[in-house]
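Just follow the structure's listing: the first ligand is 1, and inside any ligand the first atom is 1.
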Amino acid sequence: MTLADAVLEGNRLALARLLTQVENNTPEGRAAVNELFPHTGKAHLLGVTGSPGSGKSSLANQLARHYRQQDASLKVAIVAIDPSSPFTGGAILGDRVRMRDLAGDSSVFIRSMASRGSLGGLAATTAGAVQVLDAAGYGLIMIETVGAGQSEVEIARLAHTTLVVEAPGLGDDIQAIKAGILEIADILVVNKADLPGAELTERALLGMLQLAHPAPHVFYHHGFSKDEAIAIQEDGSDQLWLPPVQRCIATEGVGIDELIQAIQRHRDYLVNSGEWARRDRSRLQSELDLLLRETLLARWQERVPEARYRKAVQLVIQRQISPLQAIQNLIDGDSL
Ligand SMILES: Nc1nc2c(ncn2[C@@H]2O[C@H](COP(=O)(O)OP(=O)(O)OP(=O)(O)O)[C@@H](O)[C@H]2O)c(=O)[nH]1
Ligand SMILES: [Mg+2]
């Protein structure tokens, strides 16, 4: 039996082993992903991102638990992408401790991932891991990333639904994330609503949302109140999604059922509007583009000696040849 077959049969040990292969980008791992790929495309991919320490892991943990309570046949996976490797021993351990109450539920699978400089970096590794879990029958796959850099945005783009999690007292971080992350938020979570300042955080997020998504104004201009605009969205008949803001206390499980309802509404919206299929296409297309770029680059680097490349850089810096000329010479094998 191949590793892929064992994964399809629901063997957790095989699953864990294959994810390690994917992480290390081994030939065996690649072959198994190729074999599994036709079995993918069923899972709901849920991105969980936001400022460090805002409670993403706690929230993912609670979501997994509540989903499992609501639907005993649903298999749930959490992939925690670890951006600060190699200084992360503590963080990974922390996640494991916080998630320990899910240990023992054989329909929940939790995994931390780190890039090891593999082809296409963390985004490609994550895409591979998600495909493996999807094929293995995990109907809900959460992908936790810290909302900081470009690669986190790329990973979040993997998801059908992206939660951006913020918490009171992280005001500076909210400023920092507003540029990239807020545009990709489908649902905003104000976690740690038990702490003072939750209202302020919520208001700040709503303010930024209006900048990122002018959609509500369209409704206002058409004479709808804000509540009516939201009702139109909840009705699911319209092609418009206004990101809702949900307050939660992850550590106490408060607001989690409401959050699951919002996630469900977003899923309905995606399916009904045709956006689900569109996101699927664009996700696979970007994965293809990314892999193409990385593969061609890697092949090219194997062929062109490092010294030749450095000489080209030098010539460009001395203004002797243009960057375009340098690349042409390197690719065509002309002398420099
Ligand atoms: N008061 C309060 N504390 C919370 C809540 N949710 C999480 N925490 C605490 O906040 C800390 C960080 O929680 P995590 O779930 O690890 O946050 P995270 O966003 O995953 O953190 P990183 O992955 O390190 O960025 C922990 O000590 C949690 O117990 C909450 O709703 N209220
Ligand atoms: Mg975490």
Taking the side chain as everything from C-beta on, heavy atoms only, tell me whether Leu59 gets closer than 4.5 Å to Leu259. yes
Should Arg299 and Glu302 count as an ion pair when the cut-off is N to O under 4.0 Å? no
Do the charged groups of Asp280 and Arg283 touch, with an N to O distance under 4.0 Å? yes
So, the side chain of Thr40 versus the backbone of Leu36: is there a donor-acceptor pair under 3.5 Å, distance only? no
One residue to check: Asp194. Relative to ligand 1, which of side chain, backbone, both or neither has a non-hydrogen atom less than 4.0 Å away? side chain
Side chain, backbone, both or neither: which part of Glu252 comes within less than 4.0 Å of ligand 1 when only heavy atoms are counted? neither
Near Ser57, which atoms of ligand 1 are under 4.0 Å from a heavy atom of that residue? 15 (O), 18 (P), 20 (O)
Out of Gly55, Ala193, Ala167, Gly50, indicate the one that has the non-hydrogen atom closest to atom 17 (O) of ligand 1. Gly55
Winner among Thr145, Asn191, Asn61 once heavy atoms are compared against atom 6 (N) of ligand 1: Asn191
Plane angle bin for Trp276 and His160 - parallel if under 30°, tilted between 30 and 60°, otherwise perpendicular: parallel
For ligand 1 and Gly53, I'd like to know whether there is a polar contact (N/O to N/O, distance under 3.5 Å). yes
Determine the minimum heavy-atom distance between Asn191 and Ser54, stating which atoms define it. ND2-O, 2.9 Å
Name of the Glu144 N, O or S atom nearest the Mg ion (ligand 2)? OE2
Please determine whether Ser57 has a backbone or side-chain N, O or S atom lying under 2.8 Å from the Mg ion (ligand 2). yes
